[in-house]
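Presented below is the structure to which this report refers.
Every chain is numbered from 1, with letters handed out A, B, ... down the list of sequences. Side-chain atoms are counted along with the backbone in the values below, which use heavy atoms only and exclude waters and symmetry mates.
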Number of protein chains: 2
Amino acid sequence: MELSERKRRILVAIIEKYIAHGEPVGSKTLCQAFDNKVSSATIRNDMAELAQLGFLEQPHASAGRIPSQQGYRYYVDTLMNKRVLSESEQRAIKSMLSYRSGDPEQLLEEASSVLAQLTKCATIATTLVDEEATISKVELVTLGQTTAILVVVTSKGIIKNRVCRLDYPLTDKLITAFYEVVRSNFIGAAINSVSTVTLQNLVASLGDRALMLSPLIITLAEIVHEISEIDIVLEGQSNLLNIGSAANAQELLEFLSRREMLKRIVNEQKHRLNVVIGQENPHKELKNSSVIIARYKIDGCDAGALGIIGSTRIDYASLIPSIEYLTGLVSSLLSDAIE
Amino acid sequence: MELSERKRRILVAIIEKYIAHGEPVGSKTLCQAFDNKVSSATIRNDMAELAQLGFLEQPHASAGRIPSQQGYRYYVDTLMNKRVLSESEQRAIKSMLSYRSGDPEQLLEEASSVLAQLTKCATIATTLVDEEATISKVELVTLGQTTAILVVVTSKGIIKNRVCRLDYPLTDKLITAFYEVVRSNFIGAAINSVSTVTLQNLVASLGDRALMLSPLIITLAEIVHEISEIDIVLEGQSNLLNIGSAANAQELLEFLSRREMLKRIVNEQKHRLNVVIGQENPHKELKNSSVIIARYKIDGCDAGALGIIGSTRIDYASLIPSIEYLTGLVSSLLSDAIE
DNA sequence: ATTAGCACTCGGACGGTTAGAGTGCTAACT
DNA sequence: AGTTAGCACTCTAACCGTCCGAGTGCTAAT
């Protein structure tokens, strides 16, 4: 069904007024917004129909109307006029990112924090996802008799390492044996193929060498696991308290501290830009919140996500472009860094 | 001035009742707590005097009394009977720490999170402080033509590293030159002696090699700086919302996100156990909060701190022992790991 | 299809009243 | 002198009724 032009304008006006002021919008106010070209009665009729269709709701009988979640949805999909970022705004955002070191995690923390300042919302970012990566290099760097650093490099250029302390000295023989195991079992393997089962089989097959080698191999497996696990970065949690309802806020904060849950939520968002409004989200803790997630890329390949969590009453038209722009920046900075 | 035995018991009863229930305590309730051995009138007289002395205050005229911050202070210093953790409680806490990897930061994150569950407060932990450490080893591990990992080891056994990407190939000559610079300028130096000034002088003195070497040297300096910087770990922030006053909570959460500030606060706490109650804290954002910080040690040397932030109305008598016990655990785990 | 007008509804603010909790004081008691 | 009973007093929270204004829905006129 198509809405008449006037109804659409009324709906937009109600949504934008409500986003701006947070109070139900009445027919008189709208009348003024239309320069009194139409009477309040006409607007009332239209509002009644919009409410019938489910785009608006009434907190109580004698109050104005507020957008329903379906209303926001229609607005975001169809009616909204995305704000265009000015040159100077773009420059401002750019300058807030001071990405120097080559560490992608640091960039994402920064981006997350910039986004929190920009949007006054809580922000989420995932570190690089790299599901198809394989292990391309493993290095064992000895630092002393019993200490070493184990370094793993993936085909996509991600590098992780961990310190490894042993109870016995690292002899040349041991190191050679370790590299042998690595070459035949790990190099070229997909990072998510390293499971505890394969690991147990491997250790079992080592026979009497197992005792000495397994600490190293287990550490190696842990590093690989860490690479395959996405990490979640949160910022601006205090912004959640700007929204009223303290009870809800506590629930939300607690929800956000469950990282596993968050990972799943973020990774369900597959599009370049995802807007999930209120109860569209399967998690009841988010029933009054909107989540906007944009995915960033490295050299055109999906690499992770960045986004905000806020009340359903957020300024979609200006926040979405900010998120998109920032995500673009992150994509290009990462693509430059990892070549 | 000495308080009579009865006044002390009344004060203790009021404080513990108030901590338990959060409501002003009246003379009748106390009367029951004393098995009606003294009349409410007597208690009222004593309460009036305790209020006069500043240990109690009255929210309003017809309400009971609540402890003042000075009251809490006297309680913590003089009156409180610390709860003793039972064997099984100790075991429970121990089993919550699953410290496997050799990474101290991970242990502190875990400890912080355990403490948050235990106390239902927000928790703070600092990672290892190591002010007197010197640089004992630097390794450059090449991973490809233009990529390397730079590893720094301190005299105290702390290990940090960072990936370093260059715009030009890492030749043997370059590497030798780098090690030369490291040997004569960094090895043996105190980690906090590496300032930007000395760095600039160093780069200047390199002459025409500066261009090729400086990215490596700058990365090295950044790693050293990172070691000398303490990191702050926060957990259980959502617990702050249990306390009423949402306005205050927002302020607090924002305050906690200012890491620099937190570092200073935590490091001002020099004793083994520090209890800062409400306005004793110079930061006005904490005027309604108590901060309890315990320091942990490695092999007897001060190494960092661990603690909680909660309302002034917290159960000092049982939380303090928990914090102390956990801090002890962390100390011994760390002392075992770094030998 | 639009509009003016009007009756109606509802929530929030205001004010007065009441019940209850708790105090402070005084006078009596040990 | 310390303790106690008793009483008047104070203050809050809860309840209730009233009133105002905002905003609606409906009807009848344009």
Side-chain angles (χ1 to χ4, degrees), chain A residues 1-11 13-68 71 244-245, chain B residues 1-11 13-68 71 244-245:
Chain A
M1 109 255 82
E2 275 297 314
L3 292 183
S4 74
E5 174 63 18
R6 194 182 57 216
K7 289 211 188 74
R8 294 162 58 121
R9 283 181 58 198
I10 289 176
L11 184 52
I14 291 178
I15 291 177
E16 294 183 348
K17 273 229 167 357
Y18 182 67
I19 285 175
H21 303 109
E23 273 164 22
V25 184
S27 55
K28 261 191 202 154
T29 323
L30 283 175
C31 206
Q32 286 169 21
F34 279 67
D35 288 334
N36 297 311
K37 301 242 170 65
V38 271
S39 81
S40 65
T42 310
I43 291 178
R44 276 203 295 281
N45 288 333
D46 286 351
M47 282 164 82
E49 273 184 67
L50 286 168
Q52 191 93 37
L53 293 169
F55 294 128
L56 297 176
E57 43 192 50
Q58 237 173 329
H60 57 261
S62 77
R65 298 306 213 292
I66 64 175
S68 68
S245 61
Chain B
M1 110 255 80
E2 276 296 317
L3 292 182
S4 75
E5 175 63 16
R6 195 183 56 215
K7 289 212 188 75
R8 295 164 55 123
R9 283 181 58 198
I10 289 175
L11 185 51
I14 291 178
I15 291 177
E16 294 182 347
K17 273 229 165 1
Y18 183 66
I19 285 175
H21 303 109
E23 274 163 23
V25 184
S27 54
K28 260 189 202 155
T29 324
L30 284 175
C31 208
Q32 286 170 19
F34 279 66
D35 288 334
N36 296 312
K37 301 243 172 61
V38 272
S39 80
S40 64
T42 312
I43 291 177
R44 276 203 294 281
N45 288 332
D46 287 351
M47 282 164 84
E49 274 183 69
L50 286 168
Q52 191 93 37
L53 292 169
F55 293 129
L56 297 177
E57 43 193 49
Q58 237 173 330
H60 57 259
S62 78
R65 298 305 213 294
I66 63 176
S68 66
S245 61

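Within residues 19-27 of chain A, no residue has any heavy atom closer than 4.0 Å to DNA chain C.
Rounded to a whole Å, the CD1 atom of B:I10 is 11 Å from the P atom of C:dT23. Rounded to an integer number of Å, the gap from B:N36 CG to D:dT4 C1' is 13 Å. Between the CE atom of B:M47 and the P atom of C:dC25 there is a distance of 14 Å, given to the nearest Å. Distance A:L30 CG to D:dG23 P: 10 Å, rounded to the nearest Å. Whole-Å rounding puts the A:E57 CD to C:dC10 P distance at 18 Å. Rounded to whole angstrom, the span from the OH atom of A:Y18 across to the P atom of D:dG23 amounts to 14 Å.
By the side chain to side chain contact (heavy atoms under 4.5 Å, CB included) test, B:R8 pairs with B:E2, B:L3, B:E5, B:Y74, B:L79, sequence neighbours left out. Residues that satisfy the side-chain hydrogen bond (donor to acceptor under 3.5 Å, both in side chains) test with B:S39, not counting sequence neighbours, are B:T42.
Counting heavy atoms from C-beta on, the side chains of B:I15 and B:F55 never come closer than 4.5 Å. Within the 4.5 Å cutoff, the side chain of A:L11 has no heavy atoms near those of the A:K7 side chain.
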Could you go over nucleotides 28-30 of chain D and give all protein N or O partners under 3.5 Å, atom names and distances?
none

Problem set entry | Under 4.0 Å protein heavy-atom contact, by nucleotide of nucleotides 11-22 of chain D - B base, S sugar-phosphate only | BS---------B
Problem set entry | Base versus backbone protein contacts along nucleotides 3-8 of chain C [heavy-atom cut-off under 4.0 Å; B, S, -] | BBB---
